Colleague: 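For reference, the structure I am asking about is given below.
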Amino acid sequence: MNKTINRPFFQITKDGMLAAIDKMLQDYSVAALTEKNKNVVFDFVKSSAEISNVYKPTILSPKKFFFPQEEVILEYTAEGKVTAIIESKPMVLFGIRPCDINAKKVMDEAFAESNGDANYLSKIENSVIIGIDCKQVCDEDSFCYRVNSQEVTTGCDILLYDLGEKYIFEYKNEKGREFAIKYFGSQGSDHGAYDKFLKEKESNFGKTEGPFKDLEYLPGVFEHTKDHPIWEEEAKRCLSCGSCIMVCPTCYCFDVADELALNLKEGQRLRRWDACMLSDFANVATGESFRKEVSNRIRHRMNRKFNFLMRKHHQPACVGCGRCVRACLADISPKEIVEIITGEKERE
Amino acid sequence: MSPQLNINEKDEKLYLPEIAKVTKVKSFTDQEKFFEVELASGRSLNHDPGQFVQVSVLGIGEAPISISSPPEKGSRFEMCIRAVGPLTRKLHTLGVGDNIFIRGPFGHGFDKDILDKLSGKHLLFIAGGIGYVPLRSLINMVLEEKEIYEKISILYGCKTPQERMFPSELDEINSIGGNVELLEIVDRPDNNWKGYSGVITNLIPRVSINPENCIAVIVGPPIMYKFVIMDLLDLKMPKKSIYISLERRMKCGIGKCGHCQMEGIYVCQEGPVFNYSYVANNKEIF
Ligand SMILES: Cc1cc2nc3c(=O)[nH]c(=O)nc-3n(C[C@H](O)[C@H](O)[C@H](O)COP(=O)(O)OP(=O)(O)OC[C@H]3O[C@@H](n4cnc5c(N)ncnc54)[C@H](O)[C@@H]3O)c2cc1C
Ligand code: SF4
Ligand code: SF4
Ligand code: FES
């Protein structure tokens, strides 16, 4: 648990924050929680007045700002001139929550490791990420507390704590410090307020079930349960629709496709979100399919979250945001799968 | 501790292919064509046998294709392409002087570590169908200095005699003699076929194998390597003396897109060449 020692907590009134956002808007595109057709979504706003005060989990995660659903990676001409397209704009992402901050850590590492992906990394480089901590679980489908992703260590530049009439905040790095000085101004610090926030948060999360049994050992548990009956059982219900992947903040697989303009003189190469739950994801040209059965694909998806990628990124690659649970027509839940795999619970 | 994110090491050319020209084309069969290409930059691929390149035709797409020529200095290299879909069919329409686009080489092939382990050994190459294409890079390389190996056995199986790749090279290999042997088999022989007929595993008992000193390298479809491996293990060959090269769907070639994953392994990075002992327990190998 984070302690207050040596951590400066500055304060800013809610009105001060709105003014700061309007100031940012002169220099940055600002994306924040906003209402669209009765849903809350993360989207670009034109004024601080458009920002929604109440947090509800969004259908799509903020990963779309760094890893868009569809993105041009090359442009070319019929003569054979090819250009890499790497686009980013100065952007502030305001108000992302601990689960999504932890998901961003997974994405950051995935796109940075071994071959740094400029399309993703340049967008991160050009952004300032302002997180808001959660004091309690947001709804019944979220299970951040089971994977400790309600805790933020890194992954954002500035972290805000909502104290009703004001925010207190801390910066997580130099970029956040410079940004806070420029846009938030100096409004004094308030350590006592953080202690109060933390106490309430601990008390709220203390009432949950807490982390999964054997959380740190899940990669080993998953490695040894590849023949568990649960994969077949879940497969009976799964529709292989791929919705769970589309909404997941830590899924980063993609497809690549070429598109020619109508004049046939220019074209683009695009990358698009893809889903390992779709039946043809692992097919090869000679006709073999290496994950033909639905059960193989569910096992793969869950092993990516709690085994393969967890080993790689040293944190569960499921942050318990609950988006896939809300999106799934078959009521398939990673939480329930882990609980059954670890023997913590029996199937109802 | 999680590793530090180093944003400065981003690669702006990760997905940018470089231009190359087709310098030679030859048809082997209705479906398979041989291509020699040269990178316009004059750069040498500097590849290890077993590695692949991502080949593009702009406007159509990109796919992984094995480098079939042995590592050499110079900017030319060879590939053999089977027309199965939009991209590979388009490639078949290209002629000398046409542009194609290349990224790579990618993947883990037979690097120096592995090659060092091969000297003094009996090398047993087992290729099924188009699997001869990726193997050819290593085969032609070891044939250059065949004296440093105890023996070189090449087992090659195809569906029909017409599907044999590089037929004139096979004839040359056949005439080398000494410590080099080539055994061929086809599923469906025709009247002119003088070799063996049946499946590739029928050839294994025809080679004298000392499991202690033999290294096997297998490339072919899953159904083929499955049965070949079973037979080699029955002959008491240790798993670590067997290498295989695997084909998976690949979109990026550099460990991002997720398509090539075989359980936790990114085949495009850790493979396509694997020591069998490393993947023997993988549930998604066949
Ligand atoms: C490491 C490696 C090395 C390779 N080396 C070579 C080589 O040296 N030579 C060579 O010829 N090939 C090689 N391949 C295979 C080659 O990459 C594929 O054949 C290539 O992707 C075909 O591309 P395409 O666009 O022509 O066809 P694709 O569009 O990929 O389609 C090919 C065929 O498969 C079918 N198909 C495509 N997608 C699906 C799907 N999702 N579900 C069901 N069926 C589908 C299509 O209907 C079509 O008949 C290699 C592959 C790998 C991974
Ligand atoms: S959303 Fe549900 S039904 Fe659709 S693929 Fe995912 S688990 Fe299966
Ligand atoms: S698997 Fe589901 S709960 Fe876990 S991070 Fe992805 S969408 Fe959220
Ligand atoms: S081909 Fe994209 S991850 Fe291997």
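None of the values given here were measured: they were computed from a predicted structure. The figures here come from the full heavy-atom set of this structure, side chains too, leaving out hydrogens, waters and symmetry mates. Each chain gets a letter, A, B and so on, in the order its sequence line appears, and its residues count up from 1.
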Colleague: Find the one option among N283(A), I86(A), N303(A) whose heavy-atom pairs under 4.5 Å with chain B are most numerous.
Modeller: N283(A)

Colleague: Name the option with the most non-hydrogen atom pairs under 4.5 Å to chain B; the candidates are C253(A), A261(A), A257(A), G267(A).
Modeller: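 That would be C253(A).
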
Colleague: Does any backbone or side-chain atom of E75(A) lie under 4.5 Å from a heavy atom of chain B? Answer side chain, backbone, both or neither.
Modeller: neither

Colleague: Checking I285(B) against chain A: side chain, backbone, both or neither under 4.5 Å from a heavy atom?
Modeller: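 Only the backbone of I285(B) comes within 4.5 Å of chain A.
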
Colleague: Against chain B, label Q268(A) side chain, backbone, both or neither, depending on which of its atoms sit under 4.5 Å from a heavy atom there.
Modeller: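 Nothing of Q268(A), per the 4.5 Å heavy-atom cut-off to chain B.
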
Colleague: Between I200(B) and F227(B), is any pair of side-chain heavy atoms under 4.5 Å apart?
Modeller: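 Result no, sub-4.5 Å side-chain heavy-atom pair not found.
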
Colleague: Could you walk me through whether S75(B) and E38(B) pass the side chain to side chain donor-acceptor pair (under 3.5 Å) test, one step at a time?
Modeller: CA-CA 5 Å; S75(B) 49; E38(B) 175 163 35; 2.9 Å; yes

Colleague: Tell me whether K105(A) contacts the main-chain N or O of G155(A) through its side chain, where contact means a donor paired with an acceptor under 3.5 Å.
Modeller: no

Colleague: Give the member of R271(A), E223(A), R299(A), E266(A) that has the highest number of heavy-atom pairs under 4.5 Å with chain B.
Modeller: R299(A)

Colleague: Pick from C252(B), P221(B), C260(B), P17(B): which one has the most heavy-atom pairs with chain A under 4.5 Å?
Modeller: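 Of C252(B), P221(B), C260(B), P17(B), P17(B) has the most heavy-atom pairs under 4.5 Å with chain A.
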
Colleague: Looking only at heavy atoms and a cut-off of under 4.5 Å, which of D274(A), I73(A), D258(A), L260(A) has the most pairs with chain B?
Modeller: D258(A)

Colleague: What residue in I254(B), V84(B), I19(B), N99(B) has the most heavy-atom pairs under 4.5 Å with chain A?
Modeller: I254(B)

Colleague: Who among R269(A), E113(A), E259(A) has the most heavy-atom pairs with chain B under 4.5 Å?
Modeller: R269(A)

Colleague: Can you tell me which portion of L309(A) sits under 4.5 Å from chain B's heavy atoms? Options are side chain, backbone, both or neither.
Modeller: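 Only the side chain of L309(A) comes within 4.5 Å of chain B.
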
Colleague: Examine whether an atom of Q269(B) lies under 4.5 Å from a heavy atom of chain A, and if so say whether it belongs to the side chain, the backbone or both; otherwise answer neither.
Modeller: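 The side chain, not the backbone.
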
Colleague: Out of Q261(B), K13(B), M262(B), E12(B), return the one with the most heavy atom pairs under 4.5 angstrom to chain A.
Modeller: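 Option with the top pair count is Q261(B).
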
Colleague: Heavy-atom cut-off 4.5 Å, strictly under: side chain, backbone, both or neither for F286(B) against chain A?
Modeller: backbone

Colleague: Heavy-atom cut-off 4.5 Å, strictly under: side chain, backbone, both or neither for T83(A) against chain B?
Modeller: backbone

Colleague: So for N119(A), is it side chain, backbone, both, or neither that comes closer than 4.5 Å to the heavy atoms of chain B?
Modeller: side chain

Colleague: Check Q51(B) against G109(B) and note the closest heavy-atom contact, atom names and distance.
Modeller: CG-N, 3.9 Å

Colleague: Taking it one step at a time, do E270(B) and Y278(B) satisfy side chain to side chain donor-acceptor pair (under 3.5 Å)?
Modeller: CA-CA 11 Å; E270(B) 290 190 58; Y278(B) 183 62; 2.5 Å; yes

Colleague: Using every non-hydrogen atom in the two residues, find where I85(A) and L74(A) come nearest and quote the distance to one decimal.
Modeller: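 The pair with the smallest heavy-atom distance is CG1-C, 3.9 Å.
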
Colleague: Please flag which part of D255(A) lies under 4.5 Å from any non-hydrogen atom of chain B: side chain, backbone, both or neither.
Modeller: both

Colleague: Look at the side chain of K104(A) and the backbone N and O of K63(A), then say whether any donor-acceptor pair between them is shorter than 3.5 Å.
Modeller: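 No, because the side chain of K104(A) does not come within donor-acceptor range (under 3.5 Å) of the backbone of K63(A).
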
Colleague: Give the C-alpha distance, both sets of side-chain angles, the deciding distance and a yes or no for side chain to side chain donor-acceptor pair (under 3.5 Å) between E125(A) and S88(A).
Modeller: CA-CA 9 Å; E125(A) 232 169 27; S88(A) 66; over 6 Å; no

Colleague: So for A84(A), is it side chain, backbone, both, or neither that comes closer than 4.5 Å to the heavy atoms of chain B?
Modeller: both

Colleague: At a 4.5 Å cut-off on heavy atoms, which part of R311(A) comes close to chain B: side chain, backbone, both, or neither?
Modeller: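 Neither part; nothing is under 4.5 Å.
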
